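This structure is a prediction, so every number in the text was calculated from the model and none was measured. Ligands are counted one by one from 1 in listed order, and the atoms in each one are counted from 1 as well.
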Amino acid sequence: MAGKLYIVGVGPGSPGLRTVAAINAIRDSDVIIGYNTYINLISDLINGKEVIRSRMHEEVMRAKLAIEKALNGHVVSLVSGGDPQVYGLASLVLELISKEGLDLRPTVIPGVTAALAAAARLGAPLNMDFAVVNLSNLLVSDEEIMMRIKAAASGDFVIALYNPISKDVLIKAMNLISMFRNASTPVGIVRNAYRDGEFVITTNLGNWMRYLEVIDMNTTLIIGNSRTYVYRGLMITPRGVTGYERD
Ligand code: SAH
C-alpha cells in the first residue's frame, strides 16, 4: 500500500507561527525527516514517531529516503524551516519523482518564510515589490548571484537576502546595491527571528558593516527601496506616494 508524503514548512521557529495544516500533517505522520535544527523546532509534536535527523549537505539522501518510506506505505513528513519551496526541499523531491517516473503525489504545505518573519519584526518594509536573493554560492555561481542583485537593485525592489554565509559574497552584494541606492537607505538585520536569541536592528547602507559580526547563517537582511524610511525604529516602505490617502 502506498503511504503519503507531506513536504512541510514549519515557519521560522515559534509554535505560534506554524500553520494548523503543518501541525496536522506532522501529527498524521509516523516518520519525520529533517535537519536537526528544524526537528528541534517541532520537538513537542514528534513523540513516539520515527525521527530521522540529518546534517547539512545531505539533501538528496534525505529526499530519496522520504520518497522510499512513503512508497513503502509510511506516512512521512519531510520538514523544512520557513516555507519548503523557499530554498527548501520541495522542488528537489518533485524533481526526483518526475525523473524516476514514480507514482507518488506529495502534499506541499506552505509556511511563513524568513523574509516575512524578519519583515514583521522590522515593521513593514516589504510593501510594494520585493525580491528575494539567496547568497549561498553552493548551487549558484557568484556571477549569477551578483547578476540577480544588480537586477533587483536597479529595479528598485526592496531586497531580502537569505544565507549570508560568506562575508565576502555579502559585502560584494551590499556594495553592488550601494551603487544604486543612497547611504541613508534603511537596512534591517534580523537574526533568529521568532527563535531564542532573536536580534533585530535597523541601520542603513552606510553603516550596516558595524553589524558584520552578528550576521550569521540564521540571519536575514532586508534592504529598503528608494522610498523606505524609519520611524522610531520601524522600517516602513510606503505603498505609493499618496497611497495612504486612497483608503
Ligand atoms: N526555507 C527557509 C529558508 C531556508 S535557507 C524559509 O523559508 O525561511 C536558510 C536561510 O533562511 C538562513 O540562512 C537565513 O537567511 C534564513 N532564515 C531562516 N530562518 C530564519 C530565522 N528564524 N531568522 C532569520 N533568518 C532566517
Side-chain angles (χ1 to χ4, degrees), residues 6-19 21-22 25-26 33-43 54-60 62-63 66 77-94 106 108-123 125-126 130-140 145 148-149 152 158-171 173-174 177 187-203 208 211-223 235:
Y6 296 109
I7 307 173
V8 186
V10 296
S14 79
L17 289 192
R18 294 171 185 160
T19 65
I26 291 166
I33 305 180
Y35 278 149
N36 242 330
T37 333
Y38 303 144
I39 300 277
N40 290 342
L41 291 177
I42 55 163
S43 53
S54 61
R55 290 185 304 254
M56 289 275 217
H57 311 311
E58 293 177 347
E59 281 90 357
V60 177
R62 226 177 337 147
S77 274
L78 182 60
V79 298
S80 274
D83 182 277
Q85 293 196 56
V86 183
Y87 317 126
L89 292 180
S91 54
L92 175 61
V93 172
L94 300 198
V108 178
I109 297 175
V112 175
T113 190
L116 302 183
R121 283 305 198 217
L122 291 164
L126 296 184
F130 65 95
V132 175
V133 182
N134 185 2
L135 294 182
S136 163
N137 51 12
L138 287 179
L139 300 171
V140 180
I145 295 171
R148 289 182 186 149
I149 292 282
V158 173
I159 302 171
L161 298 177
Y162 282 56
N163 276 310
I165 292 157
S166 149
K167 303 266 166 175
D168 265 10
V169 176
L170 174 64
I171 292 169
M174 295 297 271
I177 296 169
V187 171
I189 299 173
V190 182
R191 187 171 76 183
N192 288 320
Y194 295 89
R195 288 187 198 163
D196 287 347
E198 182 180 87
F199 172 87
V200 181
I201 192 85
T202 307
T203 172
W208 75 274
Y211 301 96
L212 199 56
E213 288 313 309
V214 305
I215 297 171
D216 65 4
M217 60 178 293
N218 295 307
T219 306
T220 299
L221 289 93
I222 298 185
I223 298 99
M235 196 169 160

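Put simply, CD1 on Ile222 and CG on Leu126 are 5.0 Å apart, with the number rounded to the nearest 0.5 Å. Here Ser54 contributes atom OG and Asn36 contributes atom CG; the two are 8.0 Å apart, rounded to the nearest 0.5 Å. Put simply, CE on Met235 and OG1 on Thr202 are 7.0 Å apart, with the number rounded to the nearest 0.5 Å. Here the straight-line distance linking atom CE of Met174 with atom CD1 of Ile159 works out to 9.0 Å at 0.5 Å rounding.
Looking from atom 9 (C) of ligand 1 to the surrounding protein, the closest heavy atom is Asn163 OD1, 3.7 Å. The closest protein non-hydrogen atom to atom 11 (O) of ligand 1 is Tyr162 CD2, 3.3 Å. Scanning the protein for heavy atoms near atom 19 (N) of ligand 1, the closest one is Arg195 NH2, 3.3 Å. Here the protein heavy atom with the shortest distance to atom 1 (N) of ligand 1 is Val86 O, 2.7 Å. Looking only at heavy atoms of the protein, atom 15 (O) of ligand 1 is closest to Thr219 O, 2.7 Å. Annotation: atom 16 (C) of ligand 1 to nearest protein heavy atom, Thr220 OG1, 3.4 Å.
The shortest N/O to N/O separation between Thr113 and ligand 1 falls below 3.5 Å. Between Tyr87 and ligand 1, no pair of N/O atoms sits closer than 3.5 Å. Ligand 1 has an N or O atom lying under 3.5 Å from an N or O atom of Ala114, backbone or side chain. For the pair Met217 and ligand 1, the shortest N or O to N or O distance falls below 3.5 Å. Between Arg191 and ligand 1, a contact under 3.5 Å exists for no N or O pair.
Residue contacts with ligand 1, taken as heavy atom pairs separated by less than 4.0 Å, involve Asn218 solely via the backbone atoms N, CA, C and O. Under 4.0 Å from ligand 1, not a single heavy atom of Ile165 appears. Of all the heavy atoms of Ser80, none lies under 4.0 Å from any atom of ligand 1, so neither backbone nor side chain is involved.
Phe199 and Tyr211 have tilted rings, their planes meeting at an angle from 30° to 60° on a 0 to 90° scale.
Between Gly11, Ala118, Ala117, Ala193, it is Ala193 that holds the heavy atom closest to atom 23 (N) of ligand 1. The heavy atom nearest to atom 2 (C) of ligand 1, out of those in Gly81, Pro164, Gly88, Ala115, is found in Gly81.
Residue-environment remark: CG (Leu139) stays at or below the threshold of 12 foreign heavy atoms within 6.0 Å.
A heavy-atom separation below 4.0 Å is not found between Gly13 and ligand 1.
Here the shortest heavy-atom pairing between Leu89 and Ser80 reads N-OG, 3.8 Å.
Between the side chains of Asp216 and Thr219, at least one donor-acceptor pair of N or O atoms lies under 3.5 Å. Looking at Tyr87 and Ser136, their side chains never bring a donor and an acceptor atom within 3.5 Å of each other.
For ligand 1, the atoms sitting less than 4.0 Å from at least one non-hydrogen atom of Asn192 are 22 (N), 23 (N), 24 (C), numbered in the order shown with element in parentheses.
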